[in-house]
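Ligands are counted one by one from 1 in listed order, and the atoms in each one are counted from 1 as well.
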Amino acid sequence: MSQQQDFQLAPELLAPVLAVLNQQQDPYLEQGLVDAGIVVKLGLEGKQLQLGLCYPYTCVSTYRDRVMSITKALVVIDAIDEVSCEIDFQPPKAQFNDKASKIDNIKHVIAVSSGKGGVGKSTTAVNFALALAAEGAKVGILDADIYGPSVPIMLGVQDFRPTSADGKTMSAAYAHGITAQSIGFMIQDEQAAVWRGPMAAGALGQLIKETEWPELDYLVVDMPPGTGDIQLSLSQHVPVSGAVVVTTPQDIATADAKKGITMFNKTNIPVLGIVENMSFYLCPECGNKDHIFGEDGGLNIAKRYKVPLLGRLPLNTQIRNEVDNGNPTLVADPDGDVSALYKAIARQASAELVKLGSNATLSIEITEE
Ligand SMILES: Nc1ncnc2c1ncn2[C@@H]1O[C@H](COP(=O)(O)OP(=O)(O)OP(=O)(O)O)[C@@H](O)[C@H]1O
């Protein structure tokens, strides 16, 4: 439970109110609202019920519908004519083990990874981070794709240069409501491409630990692609609460995604779910859905590894144009259908973290295969 309960109702009213509230199932936690610890405050003023809810996962865009449905159920009780509802969001703090070097200010680190390059991992990481923020969280993104940093361009902050007031820590960029750090702010693309493993690992460690992160609920880490390349020589400890694995549906990509899941399993990092990117092409002319890269690849992996399929994103010119021009879909079209898909992914991924509970956090220790 994220907050202390403050229930100030007479026992004869408290019982039916709690019963009604617990009949309301949380769609992600799959529990009644009371059992899930979401109901934190109850009081009565005249015939107005004062209800306080505190969600442990981000879901602001669903508040309105939820309050309407809760109110409808509660006003059936005689003593209640109306409901005044306050809603808060408090993610539970992850329990870091001793080995992991904790990052101050950051409650959860979520790695976004792909077994293979070019599947849209960075596009997904950026829109996922913005979706978590749109759903009510304080979010940062760390571009750990040392060999091909694309987050600066995707967020439209490629001209940002970190500064340091004390010579020890460096500032981060702030774009579209999220904080961003990237090696791309410091070096030219060609420089990174020739780095050897230890140098890249050192740079990544510095980026994480020496950035002045504000208070963050989630730090999304856009990992380098792959599991068997130089990325795995980045042997270090980063406390990670969970990983999101991005794949496209075709066999060659899903085979690599499986390797990614195996890597996370070996390092005890829970996989929060799979995102199937470029799932289908929806013809704007005739509405025909074409599964260009095959069908159900992501779904099949999700079933095989018993992890959720968090969402399926279409192959869509809008997604490409917007993110490649520094104005990702969540910013360019926040209320559109594609943004709704990213927000659903954000809600479910953050809810999966809650379901994992205090077992969630272990350290990434990436070593050579
Ligand atoms: N769903 C999509 N529809 C259309 N274009 C997309 C989609 N997702 C990503 N793209 C485009 O595909 C290209 C590659 O995407 P991105 O850089 O996110 O891939 P990546 O997996 O991070 O690549 P790398 O591993 O090489 O860093 C970009 O131009 C991006 O705009």
* Could you tell me whether F185 and F160 have their ring centroids closer than 6.0 angstrom? => yes

* Say whether T317, considering both its backbone and side-chain N or O atoms, lies within less than 3.5 Å of an N or O atom on ligand 1. => no

* **Per-atom contacts of ligand 1 with L315, taking only distances under 4.0 Å to non-hydrogen atoms** => 3 (N), 4 (C)

* Select one of side chain, backbone, both or neither to describe which atoms of N277 lie under 4.0 Å from any atom of ligand 1, heavy atoms only. => side chain

* Heavy-atom contacts under 4.0 Å between M154 and ligand 1: side chain, backbone, both, or neither? -> side chain

* **Ligand-side contact atoms (ligand 1) for residue partner G117, heavy atom cut-off under 4.0 Å** => 25 (O)

* Give the residue and atom name of whichever protein heavy atom lies nearest to atom 20 (P) of ligand 1, and the separation in Å to one decimal. => K121 N, 3.4 Å

* Are the aromatic ring centres of Y28 and Y57 under 6.0 angstrom apart? -> yes

* Donor-acceptor pair, side chain of N316 and main chain of I319, under 3.5 angstrom -> yes

* Asked: Polar-atom distance check: S150 versus ligand 1, any N or O pair below 3.5 Å?
  -> no

* **More than 12 heavy atoms from other groups under 6.0 Å of CG on D166** => yes

* Asked: Of all the non-hydrogen atoms in the protein, which one sits nearest to atom 3 (N) of ligand 1, and at what distance?
  -> N316 N, 2.9 Å

* Under 3.5 Å: donor-acceptor pair, side chain of H176, backbone of P328 -> no

* Asked: Any non-hydrogen atom of G118 lying under 4.0 Å from ligand 1?
  -> yes

* Mark up the atoms of ligand 1 that fall under 4.0 Å of a heavy atom belonging to P314, in ascending order. => 1 (N), 2 (C), 3 (N)

* When you measure from atom 5 (N) of ligand 1 to every protein heavy atom, which one gives the shortest distance, and what is it? -> R320 CB, 3.4 Å

* Structure fact -> Of T123, V151, D222, the one whose closest heavy atom lies nearest atom 30 (C) of ligand 1 is T123

* Test: R347 and E135 ion pair at under 4.0 Å -> yes

* Please indicate whether E210 has more than 12 foreign heavy atoms, meaning atoms of other residues, nucleotides or ligands, lying under 6.0 Å from its CD. => yes

* To do: Considering only protein heavy atoms, determine whether one is less than 4.0 Å from atom 14 (C) of ligand 1.
  => no

* Check whether the side chains of D143 and Q181 place a donor and an acceptor atom closer than 3.5 Å, and report yes or no. => no

* To which of Q318, M278, E322, R312 does the heavy atom nearest atom 6 (C) of ligand 1 belong? -> M278

* Structure fact -> Checking heavy atoms under 4.0 Å, the part of I319 that sits near ligand 1 is side chain

* Atom indices of ligand 1 within 4.0 angstrom of V323 heavy atoms, with elements -> 31 (O)

* Under the side chain to side chain donor-acceptor pair (under 3.5 Å) criterion, do S69 and Q24 qualify, and how do the steps go? -> CA-CA 8 Å; S69 138; Q24 301 277 316; 2.9 Å; yes

* Asked: For atom 31 (O) of ligand 1, what's the nearest protein heavy atom and its distance?
  -> D324 OD1, 2.9 Å

* To do: Under 4.0 Å, heavy atoms only, figure out whether ligand 1 is touched by the backbone of D145, its side chain, both or neither.
  => side chain

* Check the side chains of T169 and E212 for a donor-acceptor pair under 3.5 angstrom, ignoring hydrogens and angles. => yes

* **T247 versus E276, side-chain donor and acceptor atoms under 3.5 Å** => no

* To do: Check each heavy atom of P224 against ligand 1 and say whether those closer than 4.0 Å belong to the side chain, the backbone, both or neither.
  => neither

* Do the charged groups of D6 and K41 touch, with an N to O distance under 4.0 Å? -> no

